[in-house]
Amino acid sequence: DAAPPPAAEAPVADAAPVSPDTVVATVGGQPITEADLSFAAEDLTQELGQMPPEQRKPFLLRVLIDMKVMAKAGKDAGMADTPLFQQRLNYLEERALRRAFFSETIANAVTEAAVRAGYDKFVAEFVPADEVRASHILVTEEAEANAIKAELDGGADFATLAKEKSIDPGAANGGDLGFFGKGMMVAPFEAAAFALTDIGQVSAPVQSQFGWHIIRLEEKRQSAPPAFEEVAGQLQQELLMTTFDATVARLMDGVTIDIPDAALKAAVDAQTETEAGAEAPAQ
């Protein structure tokens with residue numbers, strides 16, 4: 001993975017901060033602390049997300065109790081003395097150090113101020129585009145569309161006809177599609193909608209793969225950048241990834257990597273290039 005998953009939310013929300021050294025249970029005289037619960041939560045993020053908050057701490061504690069007794073049994077059986085176990089232990093140590101480095105050096109650099117600075121840059125570079133709000137009536141046959149257009153030209157109410165005759169799921173609200181920009185609708189519909197110039201103007205029937213549309217222009221405007229709250233999560237994730245990529249690139253500088261298997265090396269290099277091509281935040 002490009003980065004470890006975000007830390008799981010605290011098993012239980014307490015009114016006051018709890019010391020990581022606080023003992024929540026002892027198993028055969030061995031303590032289980034709040035820190036242990038946090039470590040377990042990091043490994044069991046997916047499982048925790050599927051249960052109510054009040055069940056998470058008991059679940060984690062049950063897991064840790066089982067871990068304590070099984071670990072003692074394994075140690076008593078000499079499993080900790082095998083070369084394979086030592087290799088696993090080295091792997092787990094490096095994984096824990098990687099997580100700690102990620103959290104303290106990379107994640108902590110993604111502050112609210114940094115995210116807001118990214119938002120300010122996004123707003124400064126935002127280019128407004130034309131948007132329209134339109135309503136439509138969708139039918140299957142051209143003859144029916146022409147008949148409806150004739151009714152509208154004779155003064156019939158658009159929203160009423162949409163509710164009565166349109167097969168579009170949005171017919172219940174008078175066929176109102178809300179605002180949309182170019183590239184959001186199928187081409188024939190988009191061309192007809194943006195060709196309308198006057199508010200209230202109704203198009204001639206236009207065909208798309210969905211049937212025959214009659215479109216009424218409701219409003220026109222220029223798009224505006226979304227509010228900070230709407231994009232803060234996306235900007236935070238993008239900043240996290242760019243910070244991660246830059247940090248890894250700095251750490252890799254001057255490091256020699258040897259992969260004897262030529263096919264494996266080619267696959268790793270190709271994957272690295274693919275990831276590098278996806279680094280730039282999509283705005």
Side-chain angles (χ1 to χ4, degrees), residues 1-22 33-50 53 56-57 60 64 88-127 223-259 265 267-283:
D1 296 335
E9 61 182 281
V12 173
D14 297 303
V18 178
S19 168
D21 297 328
T22 300
T33 66
E34 288 286 349
D36 295 324
L37 291 175
S38 297
F39 301 150
E42 291 180 3
D43 283 336
L44 299 169
T45 301
Q46 184 173 356
E47 290 85 348
L48 292 176
Q50 298 173 354
R56 294 172 187 171
K57 189 169 185 176
L60 291 172
L64 288 171
R88 182 185 296 275
L89 200 60
N90 290 339
Y91 164 78
L92 293 174
E93 179 183 17
E94 291 184 347
R95 186 181 70 169
L97 286 169
R98 178 183 185 272
R99 283 184 173 178
F101 182 85
F102 179 88
S103 176
E104 297 175 19
T105 304
I106 298 176
N108 283 350
V110 183
T111 62
E112 182 178 353
V115 175
R116 286 193 175 274
Y119 176 74
D120 292 340
K121 181 176 182 291
F122 167 72
V123 171
E125 296 174 351
F126 183 84
V127 179
S223 63
F228 173 77
E229 292 73 18
E230 295 178 50
V231 294
Q234 178 185 348
L235 291 173
Q236 182 182 39
Q237 186 64 25
E238 290 171 353
L239 182 56
L240 182 66
M241 292 309 302
T242 54
T243 303
F244 175 84
D245 291 338
T247 303
V248 171
R250 174 176 57 81
L251 295 174
M252 289 287 189
D253 187 31
V255 175
T256 300
I257 299 174
D258 179 37
I259 303 177
K265 181 180 186 307
V268 170
D269 291 343
Q271 187 176 41
T272 302
E273 290 174 4
T274 300
E275 292 174 353
E279 286 177 4
Q283 295 182 351

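Keep in mind the model is a prediction, meaning the values are calculated, not measured. Quick note: residue numbers are just sequence positions, from 1.
Considering CZ of Phe102 and CG of Leu240, their distance stands at 4.0 Å, rounded to 0.5 Å. To the nearest 0.5 angstrom, Ile259 atom CD1 is 6.5 Å from Asp269 atom CG. With rounding to the nearest 0.5 angstrom, the CZ atom of Phe228 is 8.5 Å from the CG atom of Asp120. For the atom pair CZ of Arg99 and CG of Leu97, the computed distance is 12.0 Å after rounding to the nearest 0.5 Å. The OG1 atom of Thr243 sits 11.5 Å away from atom CD of Glu238, with the distance rounded to the nearest 0.5 Å. Here Met241 contributes atom CE and Leu239 contributes atom CG; the two are 11.0 Å apart, rounded to the nearest 0.5 Å.
The salt bridge (Lys or Arg N to Asp or Glu O under 4.0 Å) test applied to Arg95 returns Asp43, not counting sequence neighbours.
Across all non-hydrogen atoms, the minimal contact from Ile257 to Met252 is CD1-SD, 4.0 Å. Of all heavy-atom pairs between Val127 and Ser223, the closest is O-OG, 4.4 Å.
Put simply, the side chain of Phe244 reaches to within 4.5 Å of the side chain of Val248, judged on heavy atoms.
Ring orientation note: the planes of Tyr119 and Phe122 are tilted relative to one another, at an angle of 30° to 60°.
Judged by distance alone, with hydrogens and angles left aside, the side-chain atoms of Ser103 form no donor-acceptor pair with the main-chain N or O of Ala100 at under 3.5 Å. In this structure, Thr45 contributes its side chain and Glu42 its backbone to a donor-acceptor pair below 3.5 Å.
Between the side chains of Asp36 and Thr33, a donor-acceptor pair is found at a separation under 3.5 Å.
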Donor-acceptor pairs under 3.5 Å, side chain of residues 109-116 to any protein atom, not counting sequence neighbours: which ones?
from, atom 1, to, atom 2, distance (Å)
Thr111, OG1, Ala114, N, 3.1
Glu112, OE2, Arg116, NE, 3.2

